[in-house]
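Letters A, B, ... are given to chains in the order of the sequence lines, protein chains preceding strands, and every chain is numbered from 1. The figures that follow rest on heavy atoms only: side chains count, while hydrogens, waters and symmetry mates do not.
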Amino acid sequence: MSVEIHVSDLIQLDRCLWEIPVSTRPDMRVPARIYASEALIEDFMQDRTVSQIMNVSTLPGIEKAAIVMPDGHEGYGFPIGGVAAFDINEGVVSPGGIGYDINCGVRLMFTPEKYENIRNKIPELTHEMTRMVPRGMGRGGPIKLSTDQINQVLMRGVEWAVEQGYAFEEDRIRMESNGKLPDADASFVSEQAKKRGHDQLGTLGAGNHFVEIGRVEQIFHTDAARAFGLFEDQVVIMIHTGSRGLGHQVATDYLRMFVKKLPEYGLNLPDRELACAPINSEDGVRYLKAMAAAANFAFCNRQVISWEVRKAWENVMKSPGDQVELLYDVAHNIAKRERHRVNSEEKELIVHRKGATRAFGPGHPEIPERYRKAGQPVLIPGSMGTGSFVLAGAESGMNQAFGSTCHGAGRKMSRRAAKREVDAQKLKKELASMGISVEAGSFAGLAEEAPAAYKDVELVVDTVHEAGLASKVALLRPAGVIKG
DNA sequence: ATGTAC
C-alpha cells in the first residue's frame, strides 16, 4: 500500500510537530508523527522515512502514535529515529524496530581537567587511546571469553564487569538500567552469536562508532550541568558503540525466524522488513530475552572500553584512571518494558527506540538519585568534528513520546554517496586545522562519516528542546577523535 | 551497524 506524501499533506500540530492522520491510509491504526522544525521537515521528503513510519503505524497493538525524531531517516523496515510502543498483550516486537546493532549507545565520561591546561596533551591522549581501544570491522581484542564467561556477561551485564575489575560500583549505578536488563536469557542467544562476540568485548567496531575527547564549550542550564558534574572548558570523553557482531547475529537470527513464521503468527505486513512476533508468543518472548542479553553485552562493551580509556589516561597524564568518571550511559537501539500513561491509564508497554534515546523527566525513579531532580541525562553525539550535546529529559516528553528524544545528528547522505563525494584526506586536514586530531581506522570510513553526510545536530537538538522532549544542558566540542 | 551474501 503506497500513498505519496508531501509536506503540504502534513498537519502541523505545533511549531516542531507534524502529523500524518490515521485516515491517510486505511491500514493505519494510529497517527504517524514527525518532530521537526520548518528547516528540517523537508529532509523527510527525500527518502522512504514517511512511508516507513506509516507502515509502523499499522502494526497490531501500537499505542498513541508512530513517532519519528528530527534526526530520523530511512532504515531497515522502521525509520532510524523511530519510537513505537506496543501493548504487551495485543502488540508485537520487531527486530527492525530496534536495529541490527542492539543497544548501540553512548556514554559520557568527565575529567577534573580544564582543556586550556592540558590542550598540549590531547594529541598524545588521542594516540594512546587509539593504542588501547581495538577497533575496525570484524576486529576482536585481547579479551577472549569462554562460553561460560560470555553467558555471565549476557545474563548479568555490568555486574559482571564490576566483579571482574572492569568497572567501579559507581559506574554501574550511573547507567541506564544500571547496565543490566533483567529479562536477559543467554540460552536464547545462538552459539554463532556467542562465537562472534567471544573476543569483541572492549572493542569499538567501525562505521559511526568512536571515542572522542572533547571539552565543554557552553552551558545552557547551570543547575542541571552542576548536577551532572559538568563545568565550562572541562575535558570530557564520549564513547559510541554497541553489541558488535554478537548483537548483529541475534538480530539476524530472529529476523530470519520471524519472516518465515509470519503466516503462523497471523501477521500480514505492508513490508517484510517489519517482520515481528507477538509479544506474548513464545518466539516474541525469546527474542526479547535474547535482545536483552545482547544489550547487556553492549553495556559491558562500553564499560570495558572505558577501562581502556582510563588506562590511556593514566599512561599519558600520570594521574589515576578513576579521575575519569562516568556521567551516564544510554541505549539508543533497544526495546524496553516500561510503564506509561495512555488515555489517562497507566499501562505496561514494550517501547521500541531505534536511533532514539530514552529521556525520562525529572523525578522518575529509574534516574540515578544524583540526577533525579534534573531529569535523565541524555547524550547526543553530533557528526564528527562538529559538536555534541548533553540534554536532560523533560516532563512533557513523557506523555508526548513515551519519554524519548533524538539520538544524534542523523544521516542525510547515504554511505555510498558520502564515499563518492567526500575527499577523506582533505577532510582530515580540515579537521586538523580546526584543532581536531583524528585517528581514522580507514579513509573510506572517514568519508562516510563526514559532517556533510549528516544533518546539523544543532537544528536537531533545538527541535527536541523546542518540542519539550528534552532540555539543553551543555554543548561539547571535539578535540581528538578515534574512529572505528 | 555487520566476518556487506542462504
Side-chain angles (χ1 to χ4, degrees), chain A residues 47 52 71-82 94-106 133-141 144 150 189-201 203-211 239-261 272-273 275 290-291 294-295 297-299 301-302 305 330-335 352-357 381 383-384 407-420 440-442 444-450 453-454 482-484:
Chain A
D47 61 18
Q52 287 190 329
D71 51 342
H73 57 97
E74 184 179 323
Y76 181 87
F78 287 57
I80 290 156
S94 175
I98 290 154
Y100 274 95
D101 189 1
I102 293 165
N103 191 5
C104 186
V106 186
V133 182
R135 64 189 171 140
M137 174 76 141
R139 279 282 302 279
K144 319 283 181 199
I150 209 159
V189 174
S190 67
E191 289 309 311
Q192 198 187 358
K194 291 176 189 175
K195 188 176 162 196
R196 283 180 69 174
H198 89 281
D199 65 344
Q200 292 188 324
L201 203 63
T203 67
L204 195 57
N208 61 4
H209 292 162
F210 64 79
V211 176
I239 299 168
H240 177 209
T241 188
S243 51
R244 307 291 332 283
L246 183 141
H248 192 276
Q249 191 61 46
V250 169
T252 303
D253 290 340
Y254 283 88
L255 267 170
R256 266 185 210 146
M257 185 209 292
F258 291 177
V259 170
K260 214 179 303 172
K261 293 172 81 169
R272 286 164 70 85
E273 292 186 359
M291 184 219 60
F297 184 86
F299 281 133
N301 189 28
R302 290 193 288 275
I305 291 175
V330 297
H332 59 218
N333 273 10
I334 204 160
H352 293 60
R353 295 191 183 90
K354 180 195 197 179
T357 312
S383 54
M384 177 178 53
H407 85 306
R411 190 169 273 287
K412 69 175 181 188
M413 197 186 283
S414 72
R415 293 184 177 281
R416 232 169 56 130
K419 259 191 283 202
R420 187 176 61 228
S442 75
L446 194 66
E448 288 182 359
E449 296 306 317
Y454 283 86
I482 296 116
K483 293 291 302 176

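As judged by a 4.0 angstrom heavy-atom cut-off over every strand, A/Ala206 is placed among residues touching the sugar-phosphate backbone only. The residue A/Gly242 sits apart from the nucleic acid: no heavy atom pair falls under 4.0 Å. Counting any heavy atom pair closer than 4.0 Å across all strands shown, A/Gly99 reaches no nucleic acid atom.
Judged as a side chain to side chain contact (heavy atoms under 4.5 Å, CB included), and not counting sequence neighbours, the contacts of A/Met257 are A/Tyr254, A/Lys261, A/Tyr265, A/Asp283.
Counting non-hydrogen atoms of other residues, nucleotides and ligands closer than 6.0 Å to NZ of A/Lys144 gives a total above 12.
Whole-Å rounding puts the A/Gln249 CD to B/dC6 P distance at 10 Å. Regarding A/Gln200, its CD atom lies at a distance of 8 Å from the P atom of B/dT2, rounded to whole Å. Summarising the geometry, the separation between OH on A/Tyr76 and P on B/dT4 is reported as 17 Å, rounded to the nearest angstrom. Between the CG atom of A/Asn103 and the C1' atom of B/dT2 there is a distance of 16 Å, rounded to whole Å. B/dT2 atom P lies 16 Å from atom CG of A/Leu255, rounded to whole Å. Rounded to an integer number of Å, the gap from A/Lys195 NZ to B/dT2 C1' is 16 Å. Atom OH in A/Tyr100 sits roughly 9 Å away from atom C1' in B/dT2 (whole-Å rounding). Atom CD in A/Gln192 sits about 12 Å away from atom C1' in B/dT2, given to the nearest Å.
Aromatic ring orientation, A/Phe78 versus A/His352: parallel (interplanar angle below 30°, classes split at 30° and 60°).
Non-hydrogen atoms lying under 4.0 Å from DNA chain B are contributed by A/Met137, A/Gly138, all within residues 133-140 of chain A.
Among residues at least two apart or in separate chains, side-chain hydrogen bond (donor to acceptor under 3.5 Å, both in side chains) pairs with a member in residues 73-82 of chain A are A/Arg48-A/Glu74.
Between A/Thr241 and A/Asn301 there is a side-chain heavy-atom pair separated by less than 4.5 Å.
Comment: A/Arg416 does not engage A/Glu448 in a salt bridge, judged by the lack of any side-chain N to carboxylate O separation of less than 4.0 angstrom.
DNA chain B is contacted by both A/Arg256 and A/Glu448; A/Glu448 maps to the nucleotide lying nearer its 5′ end (nearest heavy atom per residue).
Remark: of the listed residues A/Arg244, A/Arg139, A/Arg135, A/Arg244 is the sole one forming a side-chain hydrogen bond (donor to acceptor under 3.5 Å, both in side chains) with A/Thr203.
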